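The figures here come from the full heavy-atom set of this structure, side chains too, leaving out hydrogens, waters and symmetry mates. Heads up: numbering here begins at 1 and tracks the sequence. Since this is a predicted model, take the numbers as computed values, not measurements.
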Amino acid sequence: MTRISRVSWLWRPAVAGIGWGDIALATALSAFGVVIACRPSPSQPHGSALAAIGMLAITGPVAWQRRAPLGAAIAIAIGTAGNALLIGPLVRCGPSLPAILVIAFFAGTRLSRPMLATATACCLAAMTVEAWSDPVLGLSFLEVGIPAVLGACAAGRLAHSRSLAASALRARNAELRAQRERTAEL
C-alpha cells in the first residue's frame, strides 16, 4: 500500500462533496480562531462571542476550498473585511493566514485563468485587510504576505500542471500497453 492510498480517505467526500480533510482543517483553524477571539488579554480586552463568530467567517470557507475555490476566496475576503469592520483590531493572524494561503493554493489548482485572477485578488484583499486590522502584523507584513499569496497561487498552478502531465502520461501508457497486447496477439 502506498503512502498516498493510506491517506486518500482524507479527501473522500464526507458532506456535499467536501472531504474529511477539508472539514478537519477548517475545524482546527476555527477552533484555534475561537480560542484566540474569546481570550481577553491586555492587548485585546474585547474577547467576545461576536469576535468568535466573526472568526468563523474567516476560517469557515476553508471547508469548501476544494469544491468551490472561487466562492471560498470571495467568502474569506468578505469575512476578513467584515471581521475588521465589526470587531476592529484583533490578533487573528494565527488561523487567518493559513486559511488565506490554503484557499489561494487550491484556487491555483482548480480555476481557469480569469477565475484564478478573481480568486487571487480576493485572497490579496483578505491578506491586506488582515495586515491592516491585526495589531501584531501591521501593513509592513504585506512585504511578506503579498508574495506568499502569489506564491501559493503559483504553487497551485504548478501542482495542477503536474497533475495534468501525469494524467496524460497514464493515458499514453495505457495506449502503449493496449498496442503491445494487440501486437503480441498477432
Side-chain angles (χ1 to χ4, degrees), residues 1-33 56-80 93-128 130 142-186:
M1 181 180 272
T2 66
R3 184 176 303 178
I4 292 173
S5 64
R6 282 188 221 138
V7 297
S8 64
W9 66 271
L10 284 172
W11 315 121
R12 287 191 188 128
V15 178
I18 298 171
W20 288 106
D22 300 326
I23 292 170
L25 180 59
T27 302
L29 289 173
S30 296
F32 181 45
L56 297 177
I58 295 173
T59 58
V62 171
W64 70 82
Q65 40 83 20
R66 281 179 200 268
R67 182 156 174 89
L70 181 58
I74 292 169
I76 200 165
I78 292 170
T80 306
C93 57
S96 66
L97 295 181
I100 293 167
L101 295 176
V102 164
I103 289 171
F105 175 80
F106 281 104
T109 64
R110 303 276 199 265
L111 298 176
S112 62
R113 287 185 193 261
M115 292 172 54
L116 177 60
T118 303
T120 302
C122 289
C123 290
L124 288 171
M127 184 66 74
T128 302
E130 177 59 32
L142 291 177
E143 294 174 4
V144 174
I146 288 175
V149 169
L150 296 175
C153 287
R157 291 306 289 174
L158 180 63
H160 177 69
S161 71
R162 295 298 158 213
S163 175
L164 291 176
S167 178
L169 184 60
R170 277 192 295 276
R172 180 69 180 136
N173 284 341
E175 289 173 11
L176 289 173
R177 194 174 307 114
Q179 180 64 35
R180 266 188 253 127
E181 289 174 4
R182 284 193 298 270
T183 303
E185 288 176 1
L186 295 174

Minimal heavy-atom distance between Ala26 and Ala63, with the atoms involved, is CB-N, 3.6 Å
d(Cys123 SG, Leu116 CG) to nearest 0.5 Å is 9.0 Å
What one should report as the nearest heavy-atom pair of Ala75 and Trp64 is CB-CZ2, 3.8 Å
Across all chains, not counting sequence neighbours, the side-chain hydrogen bond (donor to acceptor under 3.5 Å, both in side chains) partners of Glu175 are Arg172
Taking only distance into account, with no hydrogens and no angle test, what donor-acceptor pairs under 3.5 Å do side-chain atoms of residues 94-111 form with protein atoms, sequence neighbours excluded?
from: Ser96; atom 1: OG; to: Arg92; atom 2: O; distance (Å): 2.7
from: Ser96; atom 1: OG; to: Glu130; atom 2: OE1; distance (Å): 3.3
from: Ser96; atom 1: OG; to: Glu130; atom 2: OE2; distance (Å): 3.4
from: Thr109; atom 1: OG1; to: Phe106; atom 2: O; distance (Å): 2.9
from: Arg110; atom 1: NE; to: Arg66; atom 2: O; distance (Å): 3.3

Looking only at heavy atoms, the pair that brings Ile58 and Pro61 closest together is O-CD, 3.4 Å
Sorted by chain and residue number, the salt bridge (charged side-chain N to carboxylate O under 4.0 Å, His left out) partners of Glu181 (sequence neighbours excluded) come out as none
Sequence neighbours excluded, the answer for side chain to side chain contact (heavy atoms under 4.5 Å, CB included) partners of Leu124 is Thr120, Ile146, Val149, Leu150
The side-chain hydrogen bond (donor to acceptor under 3.5 Å, both in side chains) partners of Arg113 (sequence neighbours excluded) come to none
When every non-hydrogen atom of Cys122 is compared with those of Ala77, the smallest separation belongs to O-CB, 3.5 Å
Residue set satisfying side-chain hydrogen bond (donor to acceptor under 3.5 Å, both in side chains) with Arg182, at least two apart, ordered chain then number -> Gln179
